[in-house]
Protein chains: 2
Amino acid sequence: MASIKDVAKRANVSTATVSRVLRNAGNVTEETKQRVLEAIEALNYQPNVLGRYLRRMETETVLVVVPDITNPFFSKVLRGIEAVALEHGYQVLLGDTQNDAQLEEQYLNVLPQRQVDGMIFLTARIRKELMEEMARQFPIVLACEYLEGTDIPTVSIDNISSARKATEHLIHLGHRRIAHLSGPMDVILGRDRLRGYYQALAQHGIDADPALVQEGDFSYESGYNMTLKLLALEEPPTAIFAANDEMAIGAIKAIRHRGGRVPDDVAVVGFDDIQMASIFEPAVTTIAQPTFEIGQKAMELLLQLIEGNEVSRRQLVLPDHLVIRESCGGKCSV
Amino acid sequence: MASIKDVAKRANVSTATVSRVLRNAGNVTEETKQRVLEAIEALNYQPNVLGRYLRRMETETVLVVVPDITNPFFSKVLRGIEAVALEHGYQVLLGDTQNDAQLEEQYLNVLPQRQVDGMIFLTARIRKELMEEMARQFPIVLACEYLEGTDIPTVSIDNISSARKATEHLIHLGHRRIAHLSGPMDVILGRDRLRGYYQALAQHGIDADPALVQEGDFSYESGYNMTLKLLALEEPPTAIFAANDEMAIGAIKAIRHRGGRVPDDVAVVGFDDIQMASIFEPAVTTIAQPTFEIGQKAMELLLQLIEGNEVSRRQLVLPDHLVIRESCGGKCSV
DNA sequence: CTCAAATATGTAATCGATTACATTACCATC
DNA sequence: GATGGTAATGTAATCGATTACATATTTGAG
């Protein structure tokens, strides 16, 4: 492999000049520039980026840590991140934690090792103190999730209010026995959506029945299994609010397998508005998050941090909205 | 940020010794080792990997180029790759080409820039000569797709025979007017599945009707739209073989929107066996690929190449199988 | 107790590009 | 044609870790 020295030798210039041509910086005569370009061409030279990285101490790469790469919701956020990254000449590295909090903490080490210039976490199971300490030293942005009581830059929706909105919709449709398939309680997102659910019940004077809240893990299977449990109750729910669409679809399937109809016997509402929510039959009523935009904003924020700019608006809350489809059985708007 | 020099100074040893402790190589007294570890601890030292990369000229990172990260099929292959990579201490970088052949060629440059030690392509739209030249110089593996007439290491299923198998299944169920929603003709996968479709027809003496073959792009939308076209034919098909599950689901939706029933009016078969194929109603009959295993094998192959081992079995064809569900309307086995 | 071998540690070159600083070449002005 | 300023190019240090080679220290055999 040809190195910058070989090019310099062949073009009869110093490595400094070659570097100047490469970076298109400094003053280089058109003539020498041509000579260098010819040498580059002739040797089929490609600059070794490792050398540059080391010297400049930046890699123009960011790492995105995703809890589950098979979840289409995250792929869409990722697309937003990629779009902005590409535009600014940054590469996107992807870390899949497979929902393992420990793996997540490991990814954090990539930063002090200087392997990437910054990180975006689409998950937040890391101990708060550790995360804060890192965020103080390195560019870190949280997206979708957040950590309570920190000022780590964050882009997300207001999960509590949207969960409330979803639950209220079911209440307005006349439901009183509303179950909730929650996300894992060790992620803030799961807790927030549960909180929104409770708030809606309380505001409408409905007593919360602990038996109607089941903790899942955002997977189709967990939605399916928990719904079977709910249906086995002496007094089963007439509506189910699932903390994401995959669990909602799992719920619908379970209801059907038990011979019930959706929405006639049990109404279902999901969360995220993944593509399948609109394709599935019945189409799933859900909360639509501005996924692409979340990704964009998160990457923009990260770029600010990397460039050392002072960021005034560190916490962004983007608008979401309820998309009413068939699975809830009513067009009543909130 | 503390560097290896700081650690060396604090522990009163040379950088060489610190490096030896870090890499756990060479002979170091237990006592000095402890001193070094203490210094590392005290300074909260993290080795800068860029220095190591440059010196060793390897990054222990591989790049996986994916045509579409939102496609769940690829996420599953990716999981297989990740599993093996992690096991061997390799990082996985992800490149999403968004189905853009040009972007794909750009990723190829990452290799001579020494940014990664090897690449796995889950897509193959690059000009054959270019790809071959690169593969001669650097570790490259193709998975799922392949290039005709090269000996670039490849892991995939036999798409022709499985497409034939799927089509034959429909023939055995009594269908004669069988349509095919193909993948893009500029990817070999699209062409192979089409070829298998033609072979099956020919073997059973059925004339191929060009009007029954529609070229899509593997997206749900294209499946939907092309099916509407097929249904508008004077003599519409009684069965549709789609080149992937997403198009198959698009087809089912289109048939339904036109008032048809699946499988009663039109039978549908897909390809890939993504999770939604089994969840959707009617559940989609499809070809199941050993996704995880494809990923594993591809990564194992790549590791062989990176380590410079001579690889005897360069082209792996893994077994797939037809999963018969509801959308084809028959349990007749092939 | 001596000497060779084995073990432990240090010195300094190296990876490839970038860049601060130094030097040379060129040009315009008086 | 001397002077000063600018433009073009070169020299060499630098980034941080690794490692070939050199040196110092310890160990064991006789």
Side-chain angles (χ1 to χ4, degrees), chain A residues 1-40 43-61 89 109-117 138, chain B residues 1-40 43-61 89 109-117 138:
Chain A
M1 289 290 303
S3 82
I4 198 169
K5 276 189 194 163
D6 304 316
V7 176
K9 199 177 294 171
R10 191 174 223 273
N12 236 312
V13 294
S14 71
T15 61
T17 302
V18 176
S19 180
R20 279 187 271 259
V21 172
L22 282 173
R23 319 233 73 220
N24 228 336
N27 304 309
V28 184
T29 340
E30 189 56 31
E31 192 218 315
T32 31
K33 185 174 170 184
Q34 281 314 317
R35 219 153 14 108
V36 171
L37 289 177
E38 267 172 48
I40 288 176
L43 296 171
N44 198 10
Y45 168 73
Q46 291 271 12
N48 179 324
V49 294
L50 299 181
R52 172 186 308 173
Y53 288 171
L54 177 59
R55 175 62 220 241
R56 311 200 68 193
M57 210 48 90
E58 58 187 32
T59 59
E60 288 180 343
T61 301
N109 279 330
V110 168
L111 230 20
Q113 290 174 179
R114 296 291 166 166
Q115 214 166 165
V116 297
D117 295 349
F138 304 101
Chain B
M1 290 291 303
S3 82
I4 198 170
K5 277 189 194 163
D6 304 315
V7 176
K9 198 176 295 170
R10 191 175 224 272
N12 235 311
V13 295
S14 71
T15 60
T17 302
V18 177
S19 180
R20 280 188 271 259
V21 171
L22 282 173
R23 317 234 74 219
N24 228 335
N27 305 310
V28 184
T29 340
E30 189 57 31
E31 191 217 317
T32 31
K33 186 174 170 184
Q34 280 314 316
R35 225 161 0 115
V36 170
L37 288 177
E38 266 171 49
I40 288 176
L43 295 170
N44 199 9
Y45 167 74
Q46 291 272 12
N48 179 323
V49 293
L50 299 181
R52 172 187 309 173
Y53 288 171
L54 177 59
R55 175 62 222 241
R56 311 201 67 194
M57 210 51 90
E58 57 186 33
T59 59
E60 288 181 344
T61 302
N109 279 329
V110 168
L111 230 22
Q113 290 174 177
R114 295 290 164 165
Q115 216 167 161
V116 298
D117 295 349
F138 305 100

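So you know, we letter chains A, B, ... as the sequences are listed, proteins then strands, and number each from 1.
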Determine: side-chain N/O of B:Tyr53 to OP1/OP2 of C:dT14, distance under 4.0 Å, yes or no.
-> no
Which of C:dA17, C:dT11, D:dG10 is nearest the side chain of A:Thr17? It is D:dG10
Under 4.0 angstrom between B:Asn48 side-chain N/O and D:dG16 OP1 or OP2 | no
Does the pair B:Lys33 and B:Thr17 meet the rule for a side-chain contact (heavy atoms from CB on, under 4.5 Å), with working shown?
-> CA-CA 8 Å; B:Lys33 186 174 170 184; B:Thr17 302; over 6 Å; no
Report the distance from atom CD of A:Gln113 to atom C1' of D:dC15, rounded to the nearest whole Å.
-> 17 Å
Atom CD of A:Glu31 to atom C1' of D:dT9: distance rounded to whole Å?
-> 13 Å
Of the candidate nucleotides D:dA7, D:dG16, C:dA17, which contains the atom at the shortest distance from the side chain of A:Asn27?
-> D:dA7
Rounded to whole Å, CD of A:Glu58 lies from P of C:dG16 at a distance of 21 Å
Write down the distance between CE (B:Met57) and P (D:dA17), rounded to a whole number of angstrom.
-> 17 Å
Separation of B:Asn24 atom CG from D:dT18 atom P, in whole Å?
-> 12 Å
Any side-chain heavy atom of A:Arg35 within less than 4.5 Å of one from A:Asn12?
-> yes
Report the distance from atom CZ of A:Arg55 to atom C1' of C:dT18, rounded to the nearest whole Å.
-> 5 Å
Considering only side-chain heavy atoms of A:Ser3, which listed nucleotide, C:dT9, C:dG10, C:dA17, is closest?
-> C:dA17
Phosphate OP1/OP2 of D:dT19: any B:Ser19 side-chain N/O under 4.0 Å = no
Could you walk me through whether A:Thr59 and B:Leu50 pass side-chain contact (heavy atoms from CB on, under 4.5 Å), step by step?
-> CA-CA 9 Å; A:Thr59 59; B:Leu50 299 181; 3.9 Å; yes
Listed nucleotide nearest any side-chain atom of A:Leu54, set C:dG10, D:dG16, D:dT18 = D:dG16
Candidate nucleotides C:dA17, D:dT19, C:dT9, ranked by approach to the side chain of B:Arg23 - the nearest = D:dT19
Do B:Arg20 side-chain and C:dG10 base share a donor-acceptor contact under 3.5 Å?
-> yes
Polar side chain donor-acceptor pair, B:Asn109 to A:Gln46, under 3.5 angstrom | yes
Go through the N and O atoms of the side chain of A:Arg56 and the base of C:dT18, and report whether any donor-acceptor pair is under 3.5 Å.
-> no
Protein-nucleotide distance (B:Ile4, atom CD1; C:dA12, atom P), rounded to Å = 17 Å
N/O (side chain, A:Thr32) to phosphate O (OP1/OP2, D:dT9) under 4.0 Å = yes
Is there a side-chain contact between B:Tyr45 and B:Arg10 (heavy atoms, below 4.5 Å)?
-> no
Residue whose nearest DNA chain C nucleotide is more 5′ - B:Ala16 or B:Gly51 = B:Ala16
Protein-nucleotide distance (A:Asp117, atom CG; D:dC15, atom P), rounded to Å | 18 Å
Does A:Arg52 get its side chain close enough to the base of C:dT18, under 3.5 Å, for a donor-acceptor pair?
-> no
With sugar-phosphate meaning primed atoms plus P, OP1 and OP2, does A:Asp6 contact a base, only sugar-phosphate, or nothing at under 4.0 Å between heavy atoms?
-> nothing
Will you find, in the side chains of A:Gln115 and B:Tyr53, an N or O donor that is under 3.5 Å from an N or O acceptor?
-> yes
What nucleotide, of D:dA17, D:dG10, C:dT9, holds the atom closest to the side chain of A:Val13?
-> D:dG10
Counting just side-chain N and O atoms, does B:Thr15 come under 4.0 Å of either OP1 or OP2 of D:dG16?
-> no
